[in-house]
Amino acid sequence: DYDHARAVFDAGARHLTHLYNAMPAISHRAPGVIPAAVETPGVRAELICDGYHVHPASVRLAFSMFGGERMCLISDSGRCAGEPEGTKFQLGGQDAWLRGGVAKLADGTIACSATNLWTCLQNVLKWNVPEEEAIRAATFNPAKAIGAADKVGTIETGKLADFVITN
């Protein structure tokens, strides 16, 4: 809930995993985890943008609430990524299948993503998130979140180079 989340952020937590997923909805009387994170400077939020986990309107809302400097795009891809439809695999000791482009448990619950970060970035751009914010959320922000921004995340002399040039 909101109060517990504020206590965690006040104690130093600075990263919100899988924004929206398995979190209580935002309510006017029980605001939940998301407003607590938005109100705490420095808290970043991960967002799965595979087109199944989070609706495009909720993606835009997240970027509006947190700002482009606090969002981290993630794929949440499992070992089924790149595999053919119907692939069966294990996830946390449970059987899962790739069905309709997304990995699901036997009961139909979304298990993980089957996409990659490039597709997530393309989705976010297609959903009208500003290009600079989207690219930053896929590159610099995650590097900064894991303490590696001095080595990766931007194209600069002395940093490790791993980038794609596209138009």
Side-chain angles (χ1 to χ4, degrees), residues 9 13-23 25-26 33-35 37-87 89 91-92 96-105 109-167:
F9 297 136
R14 290 293 175 259
H15 199 83
L16 194 58
T17 303
H18 298 190
L19 186 66
Y20 298 118
N21 297 117
M23 292 181 186
I26 298 171
V33 174
I34 296 171
V38 169
E39 292 177 345
T40 307
V43 172
R44 288 183 180 79
E46 291 180 0
L47 194 56
I48 305 167
C49 296
D50 62 354
Y52 301 99
H53 280 78
V54 181
H55 190 280
S58 295
V59 170
R60 290 188 297 273
L61 179 62
F63 273 84
S64 294
M65 290 187 300
F66 283 92
E69 69 282 353
R70 294 172 60 193
M71 294 301 305
C72 294
L73 295 187
I74 61 168
S75 67
D76 189 45
S77 63
R79 51 202 250 189
C80 62
E83 295 293 330
E85 180 72 14
T87 296
F89 64 102
L91 182 68
W97 293 264
L98 184 55
R99 294 184 178 148
V102 66
K104 295 183 180 180
L105 300 177
T109 301
I110 295 176
C112 63
S113 172
T115 194
N116 56 64
L117 192 57
W118 174 248
T119 299
C120 292
L121 176 58
Q122 289 176 312
N123 286 342
V124 170
L125 292 170
K126 179 176 61 181
W127 300 334
N128 298 316
V129 170
E131 184 176 42
E132 185 175 331
E133 290 183 15
I135 292 171
R136 179 183 171 113
T139 58
F140 179 73
N141 293 351
K144 190 169 182 182
I146 64 168
D150 60 329
K151 295 178 183 151
V152 295
T154 57
I155 301 170
E156 297 177 57
T157 301
K159 287 191 172 183
L160 299 173
D162 184 10
F163 56 93
V164 174
I165 299 173
T166 184
N167 64 25

To the closest 0.5 Å, what do you measure between [atom1] ([X]) and [atom2] ([Y])?
{"X": "Asp76", "Y": "Ser113", "atom1": "CG", "atom2": "OG", "answer": "6.0 Å"}
{"X": "Glu133", "Y": "Asn141", "atom1": "CD", "atom2": "CG", "answer": "9.5 Å"}
{"X": "Cys49", "Y": "Lys126", "atom1": "SG", "atom2": "NZ", "answer": "11.0 Å"}
{"X": "Leu160", "Y": "Asp150", "atom1": "CG", "atom2": "CG", "answer": "9.5 Å"}
{"X": "Ile146", "Y": "Lys151", "atom1": "CD1", "atom2": "NZ", "answer": "9.5 Å"}
{"X": "Phe63", "Y": "Arg70", "atom1": "CZ", "atom2": "CZ", "answer": "12.5 Å"}

Between [Y] and [X], is there a side-chain heavy-atom distance shorter than 4.5 Å?
{"X": "Arg44", "Y": "Arg14", "value": "no"}
{"X": "Pro84", "Y": "Leu98", "value": "no"}
{"X": "Ser75", "Y": "Trp118", "value": "no"}
{"X": "Val54", "Y": "Leu19", "value": "no"}
{"X": "Ser77", "Y": "Thr115", "value": "no"}
{"X": "Phe66", "Y": "Val38", "value": "yes"}
{"X": "Leu125", "Y": "Glu131", "value": "yes"}

Taking [X] for its side chain and [Y] for its backbone only, find out whether a donor-acceptor pair lies under 3.5 Å.
{"X": "Asp50", "Y": "His53", "answer": "yes"}
{"X": "Thr87", "Y": "Glu83", "answer": "no"}
{"X": "Tyr52", "Y": "Gly100", "answer": "yes"}
{"X": "Arg60", "Y": "Trp127", "answer": "yes"}
{"X": "Thr109", "Y": "Leu105", "answer": "no"}

Looking only at non-hydrogen atoms, find the nearest pair between [X] and [Y] and report the distance.
{"X": "Ala145", "Y": "Cys72", "result": "CB-SG, 4.3 Å"}
{"X": "Phe9", "Y": "Leu16", "result": "CZ-CD1, 4.2 Å"}
{"X": "Ile48", "Y": "Asn21", "result": "CD1-OD1, 3.7 Å"}
{"X": "Cys80", "Y": "Phe89", "result": "CB-CE2, 3.4 Å"}
{"X": "Ala62", "Y": "Leu47", "result": "CB-CD2, 4.0 Å"}
{"X": "Ala138", "Y": "Leu117", "result": "O-CD2, 3.7 Å"}

Given Val33 and Tyr20, is the side-chain contact (heavy atoms from CB on, under 4.5 Å) satisfied, shown in steps? CA-CA 9 Å; Val33 174; Tyr20 298 118; over 6 Å; no
Are Lys159 and Thr154 linked by a side-chain donor-acceptor pair shorter than 3.5 Å? yes
Does Glu156 have more than 12 heavy atoms from other residues, nucleotides or ligands lying within 6.0 Å of its CD? yes
What's the verdict on side-chain contact (heavy atoms from CB on, under 4.5 Å) for Glu69 and Arg136, showing C-alpha distance, side-chain angles and the deciding distance? CA-CA 7 Å; Glu69 69 282 353; Arg136 179 183 171 113; 3.6 Å; yes
